[in-house]
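The basis for the numbers below is simple: all heavy atoms, side chains too, and nothing from hydrogens, waters or symmetry mates.
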2 protein chains.
Amino acid sequence: MARGTKITIRDVAARAGCSVATASRVLNRSGATSADSRARVERAAADLGFAFSAIGRALQSSRSMTVGVLVPSLANPVFAEAVQGAQEQLRDAGYQCLIASSTYDPERDAEALRVLTAKQVDGLIVTMVAPEDSSELGAARASGIPAVLMFHDPRAGLLSAHVDNAAAAREVARRCADAGHRNTGFLALRFSTSDRSRARFTGFMQGCAALGMAAPVLVEVSEDEAASPAALARTLSAHPGLTAIFASNDVLAIALQRAARELGLRVPQDLSVIGFDGIEIGRHLDRPLTTVETDPEAMGRQAARLLLAMLRGEMPEPPAPLPFTFRPGATLGAPAEDRDDDRAATRSPSAHPDQNPSFKRT
Amino acid sequence: MARGTKITIRDVAARAGCSVATASRVLNRSGATSADSRARVERAAADLGFAFSAIGRALQSSRSMTVGVLVPSLANPVFAEAVQGAQEQLRDAGYQCLIASSTYDPERDAEALRVLTAKQVDGLIVTMVAPEDSSELGAARASGIPAVLMFHDPRAGLLSAHVDNAAAAREVARRCADAGHRNTGFLALRFSTSDRSRARFTGFMQGCAALGMAAPVLVEVSEDEAASPAALARTLSAHPGLTAIFASNDVLAIALQRAARELGLRVPQDLSVIGFDGIEIGRHLDRPLTTVETDPEAMGRQAARLLLAMLRGEMPEPPAPLPFTFRPGATLGAPAEDRDDDRAATRSPSAHPDQNPSFKRT
DNA sequence: CCCTCATTTGGAAACGTTTCCACAGCCAGA
DNA sequence: TCTGGCTGTGGAAACGTTTCCAAATGAGGG
């Protein structure tokens with residue numbers, strides 16, 4: 001069933017009655033060829049159903065037309081969308097994507113980088129646990145493989161497609177302050193392996209400090225806690241004084257709301273919740289999520305554009321951070337202390353009284 | 001900065017004072033070598049920081065250790081998770097993934113397959129618009145590249161990692177019937193390019209017919225309609241008689257709920273909503289989504305396992321469909337007509353009276 | 001001491017491509 | 001008629017690896 005015999009350019013040349021050099025020139029439209037041989041070669045290639053072997057080409061040109069993309073996990077929609085964006089942009093330039101994921105494990109980051117460079121990728125787009133500490137990334141760059149980061153804040157000599165996490169978090173602090181919150185928390189998952197999470201916390205702290213609020217309480221949760229509403233509720237109940245919690249991403253923010261309900265807390269009346277990322281689904285919820293909206297796909301595209309420029313031999317400027325927008329949603333409101341204060345009610349633009357039909361005042 | 005000079009096995013051989021043949025034998029632990037040369041070669045390789053060129057290897061062995069993965073889009077978490085699963089499984093066997101996405105465009109399916117085969121992938125895992133009509137897929141298989149499908153129902157000679165969409169949809173029909181629904185709808189996105197969607201509709205129709213319900217109304221929406229709650233609400237309002245709507249996936253089901261609220265319809269009192277896929281977030285919602293739960297990551301892993309078996313030269317049995325579970329959630333309830341009928345209340349196992357605190361009967 | 005055999009080694013071909021270099025043919029200008 | 005230049009072509013090397021085959025070495029048995 002399987003005809004194992006691949007047809008190569010020499011088969012084409014043989015059938016066209018010319019040398020492989022000529023066949024190559026015709027098929028690549030490189031070099032001069034007579035109309036006659038052009039026709040014969042093209043005919044032969046079509047008859048035989050010839051297709052170039054990218055391997056042979058790569059070996060000869062030492063360009064694989066392949067880019068390595070490393071992300072923590074495709075199961076996180078934020079990274080998946082970024083990869084999608086990068087992939088689209090690269091495809092337009094004739095590059096393919098070899099992807100790897102680390103499940104947030106630095107050891108696997110290193111292994112993936114080794115494999116990708118062994119596969120002779122022409123460039124790298126990476127989001128990893130600790131880019132600055134990775135000897136593999138350093139080695140790749142030293143051996144001439146251009147690399148750009150995604151999601152990370154830019155660091156020593158490395159370009160990055162990113163949003164300004166700290167600035168966005170400061171904006172969140174401002175919105176919390178505007179709504180009247182003083183005692184806030186930051187809910188973090190994988191704090192130690194995600195510099196995004198850390199940058200957001202730092203920015204949030206700065207913002208809170210600048211606005212005279214109490215320092216936010218850092219609430220770290222494990223993978224398991226985040227997955228179970230009951231467990232998350234238990235953790236949450238250890239911090240009764242908080243009126244607003246900024247979650248390090250949207251999925252966590254949604255889980256947090258569920259946990260709050262478990263404790264009989266209403267959102268946003270008893271607890272305000274703010275997310276990060278702006279995933280699609282957040283805006284389709286009955287009570288749309290208050291969040292910082294980013295565009296991971298655009299981030300992926302920007303990373304790809306930067307890399308393509310470097311592959312062309314250019315030395316692109318460090319890009320400006322990608323824009324984010326604060327999406328008001330309906331999960332940030334005035335804190336309960338302010339509830340009875342009638343000034344507070346008017347100060348709370350995001351509290352949608354009709355978010356749940358059963359609460360409709362009619 | 002960039003030392004362009006790659007170190008090859010001949011550099012290692014030179015430094016070790018032996019031939020490349022010996023170096024190759026040592027480094028691959030193939031063939032007999034003396035303890036002495038082994039030591040020298042290993043030493044030299046370490047000193048030089050040698051790493052094999054996968055390209056050179058691929059050219060010589062005509063095995064690229066790369067698998068092509070084609071999906072409609074990574075922006076859809078269902079596919080992203082499947083790719084993640086496949087990738088993990090393949091990685092354990094030493095394979096990497098070259099990924100491509102088609103954005104549901106058959107033309108791009110074809111192009112992607114051409115590129116992937118040109119890159120000499122050892123195998124293919126694909127989800128595409130029309131696998132059976134793809135001459136590229138046929139050509140790849142004819143030339144000896146094993147291929148398996150994901151998500152698709154199995155078809156002529158092709159193995160597929162899949163769930164039984166029709167059976168799952170029949171189960172949904174049964175649950176709707178149990179809850180007392182008669183007039184149902186099926187909300188479909190990309191009906192023409194998704195055989196999953198079509199299979200679900202077919203199964204739902206069969207189920208409805210078998211249970212003596214009215215044939216479900218097929219409501220097709222465009223990408224744009226699905227993205228805008230208002231537009232979706234308009235479409236929805238054209239079908240006032242329906243008491244339950246089965247959406248072809250979870251994201252759509254969540255959007256549908258929002259649209260229902262837009263029309264002043266309460267879920268599930270005025271309209272029941274059932275999804276498909278069982279995405280993570282659905283269970284974290286205040287009103288957990290009623291849906292058919294599947295495991296895309298397991299699907300990806302199964303596809304990879306099948307492909308690996310074929311790559312070993314085995315001829316694996318067509319796999320049993322992967323299991324799905326009906327997750328009751330809280331968005332399927334008794335229809336309004338039955339509301340006043342007290343028999344109906346007991347007949348409705350899926351109506352969780354406590355799903356929303358404000359409805360608690362106490 | 002010679003023959004055989006096992007062990008280790010090196011040379012070279014092969015994989016599929018691109019591209020450098022050289023050569024043949026041809027035409028125009030002197 | 002000769003020279004110079006241009007066009008089209010083919011041979012061959014190179015890219016990095018594996019592996020076949022043959023040769024060299026050494027040991028052991030007769």
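Checked against side-chain contact (heavy atoms from CB on, under 4.5 Å), B/Ala130 has the following partners two or more places apart in sequence or in another chain: B/Asp133. Every residue meeting the side-chain contact (heavy atoms from CB on, under 4.5 Å) condition with A/Ala58, not counting sequence neighbours, appears here in chain and number order: A/Ser64, B/Ile55. Applying the side-chain contact (heavy atoms from CB on, under 4.5 Å) criterion to B/Ala303, with sequence neighbours excluded, gives B/Ile125, B/Val148, B/Met150, B/Ala161.
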All N/O contacts under 3.5 Å from nucleotides 24-27 of chain C to the protein, with atom names and distances to one decimal?
none

Protein N or O to nucleotides 6-9 of chain C N or O, pairs below 3.5 Å:
unit_1: C/dT9; atom_1: OP1; unit_2: B/Ser34; atom_2: OG; d: 2.7
unit_1: C/dT9; atom_1: OP1; unit_2: B/Ser37; atom_2: OG; d: 3.0
unit_1: C/dT9; atom_1: OP2; unit_2: B/Ser34; atom_2: N; d: 3.0
unit_1: C/dT9; atom_1: OP2; unit_2: B/Ser37; atom_2: OG; d: 2.9

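Summarising the local packing, CZ of B/Arg114 is surrounded by more than 12 heavy atoms from other residues, nucleotides or ligands at distances under 6.0 Å. No more than 12 heavy atoms of other residues, nucleotides or ligands shown are found within 6.0 angstrom of CD on B/Glu317.
Note on residues 53-81 of chain B: no pairs pass salt bridge (Lys or Arg N to Asp or Glu O under 4.0 Å), not counting sequence neighbours. Sequence neighbours left out, the pairs with a member in residues 91-106 of chain A that pass salt bridge (Lys or Arg N to Asp or Glu O under 4.0 Å) are A/Arg91-B/Glu111. Applying the salt bridge (Lys or Arg N to Asp or Glu O under 4.0 Å) test to residues at least two apart or on different chains, the pairs with a partner in residues 122-132 of chain B are B/Glu132-B/Arg155. Pairs of residues two or more places apart, or lying in two chains, that qualify as side-chain hydrogen bond (donor to acceptor under 3.5 Å, both in side chains) and include a residue from residues 9-18 of chain B are B/Arg15-B/Asp47.
B/Val26 places none of its side-chain heavy atoms less than 4.5 Å from the side chain of B/Val12.
Residue A/Leu322 comes nearest to A/Val163 through the heavy atom pair O-CG1, 3.7 Å, listed as atom of the first residue, atom of the second, then distance. A pairwise comparison of heavy atoms in B/Pro319 and B/Ser160 identifies CG-O, 3.3 Å as the closest pair. Shortest non-hydrogen contact noted between A/Pro296 and A/Val78 is CB-O, 3.3 Å.
First and last contacts of DNA chain D with chain A, using any nucleotide atom under 4.0 Å from a protein heavy atom and ordered 5' to 3', fall at D/dG8 to D/dG16.
Contact check of residues 57-66 of chain B against DNA chain D (heavy atom, cut-off under 4.0 Å) returns B/Arg57, B/Leu59, B/Gln60.
Donor-acceptor pairing under 3.5 Å is recorded for the side chains of A/Gln84 and B/Ser101.
Stem list for DNA chain C (at least 3 consecutive Watson-Crick or G-U pairs, distances under 3.5 Å): C:1-30 with D:1-30.
Ion pairing between a basic and an acidic side chain is recognised when a charged N comes within 4.0 Å of a carboxylate O; B/Arg108 and A/Glu88 show such pairing.
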